[in-house]
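Let me begin by presenting the structure, written as structure tokens, before commenting on it.
Residue numbers start from 1 in every chain, and the chains themselves are labelled A, B, ... in the order their sequence lines are given, proteins ahead of strands.
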Amino acid sequence: MTKEKLLLLDGNSLAYRAFFALPLLTNEQGIHTNSVYGFTTMLQKILTEENPTHMLVAFDAGKVTFRHSTYKEYKGGRQKTPPELSEQFPYVRKLVEAYNMKQYELEMYEADDIIGTLVKQADAKGLPVIVVSGDKDLTQLASDNTTVYITRKGMTDIEKYTPQYVKEKYGLTPQQIVDMKGLMGDTSDNIPGVPGVGEKTAIKLLTNYPTVDEVYENIDAQKGKLKEKLVANEEQAKMSKVLATINCEAPITISIDDLQWDGPNMDALFALWNELDFKSLIEKSDYASEEKETAELNYTIVTDLDATQLKDGMAIHLEIENVHYHTAPQLGLAIVDAENAYYINYEDVVQSESIRAYLQDASKKKYVFDVKKQQVAFARDGIQLAGVDFDLLLAAYIDDPAFASEDIASVVKVYGFSDIQTEEVIYGKGAKREIPEVAILSQHVCREAFAVFTVREQVMKKLQDNEQYELYYTIELPLAKILADMETAGIKVDADTLNTMGVELKGKLVQIEATIYALAGEKFNINSPKQLGVILFDVLGLPVIKKTKTGYSTAADVLDKLKPEHEIIEHILQYRQLGKLQSTYIEGLTKEIHEDDQKIHTRYQQALTATGRLSSTDPNLQNIPIRLEEGRKIRQAFIPSQKGWKLFAADYSQIELRVLAHMSRDENMIQAFLNGMDIHTSTAMKVFHVTEDEVDSTMRRAAKAVNFGIVYGISDYGLSQNLDISRKEAADFIERYLESFPGVKVYMDDIVEEAKKQGYVTTLLNRRRYLPDLKSRNFNLRSFAERTAMNTPIQGSAADIIKKAMIDMTQALKDNNLQARILLQVHDELIFECPEEEITLLEKIVPEVMANTVKLDVPLRADYSAGDTWYDAK
DNA sequence: TGAATCACG
DNA sequence: ACGTACGTGATTCAG
């Protein structure tokens, strides 16, 4: 039998302490959670360390207590409880409830008194007690039987008060704490004490005369001012002691036997943590990990199914060995609804006529997680997946882009479904990763499908409630199919071209390397910022312009400034530039060319970015060099897949600034776009009050930088860095800009204001991004969130527009019976390939579709060009 | 595994 | 006074 131990918590005091100890946090609904979070982490820690058998959380009952009849100013002058804290009290209660702990409060009494009374009972029984509070007053309860834990900053840092510890700290016994309070008072509870007597004096007095009464019985031993003060405040001192004394005779109606504790209600606790977004706790808890018992799901492993079993409205899940779905083996397929669950090994799926027909039947609705992945993987075996009506990955991403995850388990957990294990648990991680035996795998895959089936209605309802159904159903879902086709099509890359460039680069790199070593006077690893820093700043003694967390910064902007200082700099910059081309683009891209078709098949992440943009991986085809000529040549390796075909590229002109003009309704900016003039020049004219002819390149460059700055959520510092001017000058630019475009200023102010109010910002097509940090008390976090609030509607709306354009474009290509197809998307541009003879038609259709996909208060414009390589389509 | 760097929009 | 531009992914080094 385990040893009994009683844990008593001072609920109110701990909630207060946690609130002020931690930065303001909010959950997705904008409810503040820092106090509950601190309370939870503290509790988790103590429970693990102490294993109590009895528990109680005591709360203060109301404002008025029996102490007020002694002294009506008791706890007077206290600041009102901040509303951010008040709203958390109900959650603290819920938390205690989920932990299955007894909670108790008593009219007219404070939590302290409840705790004191129980401590006394426990002491009588010899039951060991731990009292936990944020309030040092409780330390008076310390005894050989009772230890008082006082939380320090961070909540998990705890000071343990035993009688010995009190003695060391104050030179007093725990019982004397109240005498000390009597003499020195307590500002937080508005206990007066003796004015002019502080902790030092109180301790000194009590060392000689152990109680307040004895101090006064021997008052003649004191002299001077101190004596006067003591005499004048005798009544007040004695009253103060009474106020500070915990009442251990409170008329409580519970006893220790009622406090037996058998551990938390994990389901309830888990649900609450979920609601409060305590993701780290969820992950840490055993409940979510391997030991967790998941409910058995009844399913059967079959080799075939007949048409009557393959119904409309089932969840399907194709399990693929790893994330690289263009090549990774397909393992098996689960087909699940409320009544049935089947698992079919992938070889059997490919063999089965009926299952193939079902998968390709658009009239049979299917629910999946990551339709693009499944579509691509099925397409490898000639199965054209159709009829997908629900994609949990996309729906969850629209619900909240922060939910993005490749792992079904973590996504459904957000919606309260936890009968599923994470992919890490099933496969293991890192080098230990391996495919589990079929029995485990099939169970898991069926659960994945069942999870999709289960949360579907809930997620769809949420999208409807938030008016995001249209974004989901008319943009993201159809886009997934288009992206799958783009990925499957791939883009042809000529390995020989890359190879030739690589050989040439290699020669140059060897030369530059030798030059650098000669100038440095020694060999070192140029690719190591650390070693390079030593050479530049210690060996060569160049001035240090910027430091990083770990040492000297050797970033390009720093090296640029050092150019005049030493010849070595330009060689290092050259080396870096060419080295990047070699490793990332020549070698990196070559590795990704598929043997069989000489193509690169990237994967677009459709549910990843916070703003709604796509991203591209393995390889990233959205950051192929263009700005510098040497790098731009890489694009010569990208070619059409067939003889007689061309590449065709079209890009939106200034889409983000046009979106800004539209959303801000700024008349000057709208006018500038209506005039069709170069926007940076026209900005320069406005800001510098000059005519078009008077705008020189410096002014245009400055105007361009400010335009970018505005889109990013401007700061004078950022602009000053970008333009390499003083902060003052940058601030001046911004001010003049905002005077020239007053609508922009109003818009920027409003958007932050509105985001603070509702907790999120939205885009043109009602995509959301939650910004809890807008309420942070941390300046950095808050400023960042404010800039994000300004940037996301712009970047996100631009992303919405091109996504819609891709859908419209696919339709237009079809309507015109063109062979042309979209291959790549790079945020504001689309790259196509097509037979040469279709170019003329594309030149008409593409810019038209792109310009008209949405109607803004300013025109949208797309520029375009065709060529034999991507380089030439410029 | 995280930091630094640099490629893109 | 606070310390910064927004959004990504790949490579390299080093602990």
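- The phosphate of B:dA3 (OP1 or OP2) has no side-chain N or O of A:Thr550 nearer than 4.0 angstrom.
- The base of C:dT8 does not come close enough to the side chain of A:Ser615 for any donor and acceptor atom to sit less than 3.5 Å apart.
- A:Gly709 comes within contact range of at least one nucleobase, with a heavy-atom separation under 4.0 Å.
- Comparing atom distances between the A:Thr617 side chain and each of C:dA10, B:dA7, B:dG9 picks out C:dA10 as nearest.
- Both tests do not hold together for A:Arg861 against A:Tyr652: distance to the six-membered ring centre under 6.0 Å, angle to the ring axis within 45°.
- Nucleotides B:dA4 and C:dT4 have their P atoms positioned 12 Å apart, rounded to a whole Å.
- Under 4.0 angstrom from either OP1 or OP2 of B:dA7 there lies no side-chain N or O belonging to A:Arg576.
- As judged by a 4.0 angstrom heavy-atom cut-off over every strand, A:Val826 is placed among residues touching the sugar-phosphate backbone only.
- Residue A:Asn620 is classed as a sugar-phosphate contact, given heavy-atom separations below 4.0 Å to backbone atoms only.
- OP1 or OP2 of C:dG15 lies within a sub-4.0 Å distance of a side-chain N or O belonging to A:Lys530.
- Using P as the reference atom, B:dA7 and C:dG3 are 29 Å apart when rounded to the nearest Å.
- Side chain of A:Phe784, nearest nucleotide from C:dG7, C:dT11, C:dG3: C:dG7.
- Comparing B:dG9, B:dA7, C:dT12 by their nearest atom to the side chain of A:Ser583 picks out C:dT12.
- At whole-Å resolution of the value, OH in A:Tyr712 and C1' in B:dC8 are 10 Å apart.
- In this structure, C:dC2 forms no base pair with any nucleotide, since neither Watson-Crick nor G-U wobble geometry is met with both distances under 3.5 Å.
- Distance from the side chain of A:Pro529 is smallest to B:dA4 among C:dA5, B:dA4, C:dG7.
- Going from atom CZ of A:Phe524 over to atom P of C:dA14 covers 12 Å, rounded to whole Å.
- Note: CZ (A:Arg727) to P (C:dA1) measures 11 Å, nearest angstrom.
- Side-chain N/O atoms of A:Thr548 include one lying less than 4.0 angstrom from OP1 or OP2 on B:dA4.
- Look at A:Ser553 and you won't find any side-chain N or O under 4.0 angstrom from OP1 or OP2 of B:dA4.
- The residues A:Glu753 and A:Lys757 are annotated as not salt-bridged, no charged nitrogen and carboxylate oxygen being separated by less than 4.0 angstrom.
- C:dC2 and B:dC6 are spaced 29 Å apart, taking the C1' atom of each and rounding to whole Å.
- In this structure, A:Ile526 CD1 and A:Thr554 OG1 are separated by 11.5 Å, a value rounded to the nearest 0.5 Å.
- Looking at heavy-atom distances under 4.0 Å, A:Ala556 makes contact with sugar-phosphate atoms alone, never a base.
- In this structure, of C:dC6, B:dT5, C:dT8, it is C:dT8 that holds the atom nearest to the side chain of A:Ala610.
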**OP:** Go through A:His680 and A:Leu657 one step at a time and tell me if the side chain to side chain contact (heavy atoms under 4.5 Å, CB included) criterion holds.
**Re:** CA-CA 10 Å; A:His680 302 311; A:Leu657 284 173; 4.1 Å; yes
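- Nucleotides of DNA chain C nearest to A:Gln795 and A:Ser783 differ in position, and the one nearer the 5' end is that of A:Ser783.
- Side chains of A:Asn707 and A:Tyr737: a donor on one and an acceptor on the other come within 3.5 Å.
- Considering only side-chain N and O atoms, A:Ser528 lies nowhere under 4.0 angstrom from the phosphate OP1 or OP2 of C:dT12.
- Among the protein residues, A:Asp651 comes within range of no part of the nucleic acid, since none of its heavy atoms lies under 4.0 Å from any strand.
- Atom CZ in A:Arg782 sits about 14 Å away from atom P in C:dC2, given to the nearest Å.
- Phosphate contact (OP1/OP2 of C:dC6, side-chain N/O of A:Arg787, threshold under 4.0 Å): present.
- Picking from C:dA5, B:dA7, B:dG9 the nucleotide with the shortest atom distance to the side chain of A:Pro625 gives B:dA7.
- The distance from the CZ atom of A:Arg635 to the CD1 atom of A:Ile831 is 7.0 Å, given to the nearest 0.5 Å.
- Separating the OH atom of A:Tyr604 from the P atom of B:dC8 is a distance of 16 Å, rounded to the nearest angstrom.
- Base contact: A:Asn722 has a heavy atom under 4.0 Å from a base atom.
- At least one side-chain nitrogen or oxygen of A:Arg627 sits closer than 4.0 Å to the OP1 or OP2 atom of B:dG9.
- At a threshold of 4.0 angstrom between heavy atoms, the contacts of A:Ser616 are confined to the sugar-phosphate backbone, with no base atom among them.
- In this model, no donor atom of one side chain and acceptor atom of the other lie less than 3.5 Å apart for A:Thr609 and A:Ser615.
- Using a 4.0 Å heavy-atom distance criterion, A:Leu608 is classed as a sugar-phosphate-only contact.
- The side chain of A:Ile626 lies closest to B:dG9 when the candidates are B:dA7, B:dG9, C:dT12.
- At a threshold of 4.0 angstrom between heavy atoms, the contacts of A:Asn525 are confined to the sugar-phosphate backbone, with no base atom among them.
- Backbone-only engagement by A:Gln531 is indicated by non-hydrogen atom pairs under 4.0 Å involving sugar-phosphate atoms exclusively.
- Under 3.5 Å, the side chains of A:Asp494 and A:Thr497 contain a donor-acceptor pair of N or O atoms.
- Within 4.0 Å of A:Ile624, counting heavy atoms only, lie sugar-phosphate atoms of the nucleic acid but no base atom.
- The distance from atom CG of A:Leu621 to atom C1' of C:dG9 is 11 Å, rounded to the nearest whole Å.
- Within the nucleic acid shown, A:Ala705 comes within 4.0 Å of at least one base atom, counting heavy atoms only.
- Rounded to a whole Å, the CD1 atom of A:Ile710 is 15 Å from the C1' atom of C:dT4.
- The nearest whole Å value for the distance from the CZ atom in A:Phe779 to the C1' atom in C:dC2 is 5 Å.
- For A:Thr609, the side-chain atoms get nearest to C:dG7 when compared with the rest of C:dG7, B:dA7, C:dA5.
- Salt bridge absent: A:Glu570 and A:Lys563 never bring a charged side-chain N and a carboxylate O closer than 4.0 Å.
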